[in-house]
Undergrad: 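Below are the structure tokens for one structure; questions will follow.
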Protein chains: 2
Amino acid sequence: MKKKRQPTVSIGSEDAIVQLADLFRLMGDPTRLRIILTCLDVPISVGDIAARLDLSPSLVSHHLRLLKAARVLRGERRGKQIFYSALDAHIRCVIDDMVAHVGEPLDIEEAE
Amino acid sequence: MKKKRQPTVSIGSEDAIVQLADLFRLMGDPTRLRIILTCLDVPISVGDIAARLDLSPSLVSHHLRLLKAARVLRGERRGKQIFYSALDAHIRCVIDDMVAHVGEPLDIEEAE
DNA sequence: ACAACATATCAACACCTATTCATATATTAG
DNA sequence: CTAATATATGAATAGGTGTTGATATGTTGT
């Protein structure tokens, strides 16, 4: 058994909803979302993330800690630097779906 | 001219990222996420949402305003009541993907 | 017109959180 | 060992935000 796909999961549990919301909230900050997107491409060090996004290494590290704790990203040490990358491919799917949603915001508009 | 799944690379603009983060942030609140999930099933009135989730109509209305403004939900008036439902199916995909992510929190992956 | 109901809006408060700065820890080179 | 680099952590603060209660708006009946 490798992976089991669950279609539309009935999330009635409070814990599950809170856990879901927690992940969405993490992606709900522009800075953090930028960091996620930067790590989605290829493993990248903290300093390089900070340099590319023009952020302080401290701030990047703070966000990385949250993202790592939430199992969104993972860090792998290579010498002095630590390279961060996406833990799995689901986050990319989530973002792609949301991009699709943003791409076609307007469909029907009767009452406004 | 038809939109398909576009890769995550296409969102480099600051506005797009902020817009994306805005949507994720909206889904990042447990109460709001519950409201979204309730509306995903079938169009439901404000009062029924409040009753089912045990929330004040005022709070539900407040959240609905944000969700409607963000084009996540849409409201349709029927007499005194206003029924809310998902604007499109993308949100459901986003949630499903995130549920899949939560479903497999730990999975060692070296090769993909 | 009025009353009753459904939803929306306003103001205020309490809580949370993103950011900054200083400091600490970890790794490598000499 | 020390020095230099890379990352992490701690505290403090400013701005954001969810929630509540009162009030307003809108709709349907009598």
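Proteins get letters first, then strands, A, B, ... in listed order; numbering begins at 1 in each. What you see below is based on every heavy atom in this structure, not just the backbone, and it leaves out hydrogens, waters and symmetry mates.
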Undergrad: For the pair made of CD in B/Gln81 and P in C/dA6, what is the distance, rounded to whole Å?
TA: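 So the two atoms are 6 Å apart, to the nearest Å.
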Undergrad: Identify which nucleotide among C/dT9, C/dA18, C/dT7 has an atom closest to any side-chain atom of B/Val46, counting heavy atoms from C-beta outward.
TA: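 Of the candidates, C/dT7 comes closest.
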Undergrad: Can you label the angle between the A/Phe24 ring and the B/Phe24 ring as parallel, tilted or perpendicular, going by 30° and 60°?
TA: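 Correct class here is parallel.
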Undergrad: Do B/Leu67 and B/Leu40 sit in one hydrophobic cluster, given that two such residues count as connected whenever their side-chain heavy atoms are within less than 4.5 Å of each other, even indirectly?
TA: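 Yes, one cluster joins them.
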Undergrad: Contact class for B/His63 vs. all strands (heavy atom < 4.0 Å): base, sugar-phosphate, or nothing?
TA: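 The answer is sugar-phosphate, as B/His63 gets under 4.0 Å only of primed atoms, P, OP1 or OP2.
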Undergrad: Tell me whether B/Leu64 shares a hydrophobic cluster with B/Phe83, the cluster being built from Ile, Leu, Val, Met, Phe, Trp, Tyr side chains joined at under 4.5 Å.
TA: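 No: no chain of side-chain contacts under 4.5 Å links B/Leu64 to B/Phe83.
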Undergrad: Just the endpoints, please: which first and last nucleotides of DNA chain D, 5' to 3', lie under 4.0 Å from a heavy atom of chain B?
TA: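 Both ends considered, the range comes out as D/dT17 to D/dT28.
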Undergrad: Rounded to whole Å, please give me the gap between CG in B/Leu55 and P in C/dT7.
TA: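 Roughly 14 Å, once rounded to whole Å.
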Undergrad: Please report, rounded to the nearest Å, how far the C1' atom of C/dT19 is from the CG atom of A/Leu66.
TA: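 Rounding to the nearest Å, CG of A/Leu66 and C1' of C/dT19 are 12 Å apart.
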Undergrad: Rounding to a whole Å, what distance do you find between B/Ile82:CD1 and C/dA6:P?
TA: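 Spelled out: CD1 on B/Ile82 to P on C/dA6 is 12 Å.
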Undergrad: Could you state the CG-P distance from B/Leu67 to C/dT7, rounded to the nearest angstrom?
TA: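 Computing the B/Leu67:CG to C/dT7:P distance gives 16 Å.
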Undergrad: Indicate if B/Leu53 and B/Ile91 have the same hydrophobic cluster label, given that clusters are the connected sets of ILVMFWY residues with side-chain heavy-atom separations under 4.5 angstrom.
TA: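 Yes; B/Ile91 is reachable from B/Leu53 via cluster members.
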Undergrad: From B/Ser85 OG over to B/Ile36 CD1, what is the distance, rounded to the nearest 0.5 angstrom?
TA: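 One gets 12.5 Å once the value is rounded to the nearest 0.5 Å.
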Undergrad: Strictly below 4.0 Å: does A/Arg77 bring a side-chain N or O up to OP1 or OP2 of C/dA26?
TA: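 Answer no for this pair, as no side-chain N or O of A/Arg77 is under 4.0 Å from OP1 or OP2.
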Undergrad: Please compare A/Ser56 and A/Lys80 by the position of their nearest nucleotide in DNA chain C and report the one closer to 5'.
TA: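 Going by which nucleotide is closer to the 5' end, it is A/Ser56.
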Undergrad: Which part of the nucleic acid, if any, lies within contact of B/Tyr84, taking any heavy atom under 4.0 Å across all strands shown: a base, the sugar-phosphate backbone alone, or nothing?
TA: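 If one applies the 4.0 Å heavy-atom cut-off, B/Tyr84 turns out to touch the sugar-phosphate alone, with no base involved.
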Undergrad: Separation of B/Asp29 atom CG from C/dC16 atom P, in whole Å?
TA: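 Interatomic distance, CG of B/Asp29 to P of C/dC16: 12 Å.
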Undergrad: What's the CZ-C1' distance between A/Arg65 and C/dA24, to the nearest Å?
TA: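 That distance rounds to 14 Å.
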Undergrad: Find the distance A/Leu64:CG to C/dA18:P and express it as a whole number of Å.
TA: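 Roughly 13 Å, once rounded to whole Å.
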Undergrad: Can you give me the closest heavy-atom contact between B/Ile17 and A/Pro30, atom names plus distance?
TA: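 Taking every non-hydrogen atom into account, CG2-O, 4.0 Å.
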Undergrad: B/Arg25 near the nucleic acid: base, sugar-phosphate alone, or nothing, with a heavy-atom cut-off under 4.0 Å?
TA: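 Sugar-phosphate only.
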Undergrad: Does A/His90 reach the main-chain N or O of B/Val99 with its side chain, forming a donor-acceptor pair under 3.5 Å?
TA: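 No; judged by distance alone, with no hydrogens or angles, the pair does not exist.
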Undergrad: So which one's nearest nucleotide on DNA chain D is more toward 5', A/Leu59 or B/Thr31?
TA: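 Result of the comparison: A/Leu59.
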Undergrad: For the helix from C/dA1-D/dT30 to C/dG30-D/dC1, what is the angle between the axes at its two ends, each from 5 pairs, rounded to 10°?
TA: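 The end axes of the helix from C/dA1-D/dT30 to C/dG30-D/dC1 are about 30° apart, to the nearest 10°.
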Undergrad: Looking only at non-hydrogen atoms, find the nearest pair between B/Cys39 and B/Ile49 and report the distance.
TA: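 Smallest interatomic distance, heavy atoms only, reads SG-CD1, 3.6 Å.
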Undergrad: Within this structure, what is the CG-CG distance for the pair A/Leu33 and B/Asp22, rounded to the nearest 0.5 Å?
TA: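 Between atom CG of A/Leu33 and atom CG of B/Asp22 there are 11.0 Å.
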Undergrad: List the atom of B/Arg32, the atom of B/Leu26, and the distance in Å for their closest heavy-atom pair.
TA: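 Taking B/Arg32 first and B/Leu26 second, the nearest heavy atoms are NE-O, 2.8 Å.
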Undergrad: Could you check whether A/Ser58 gets within reach of a base, just the sugar-phosphate, or nothing at all, counting any heavy atom under 4.0 Å?
TA: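 Base, at least one base atom sits under 4.0 Å.
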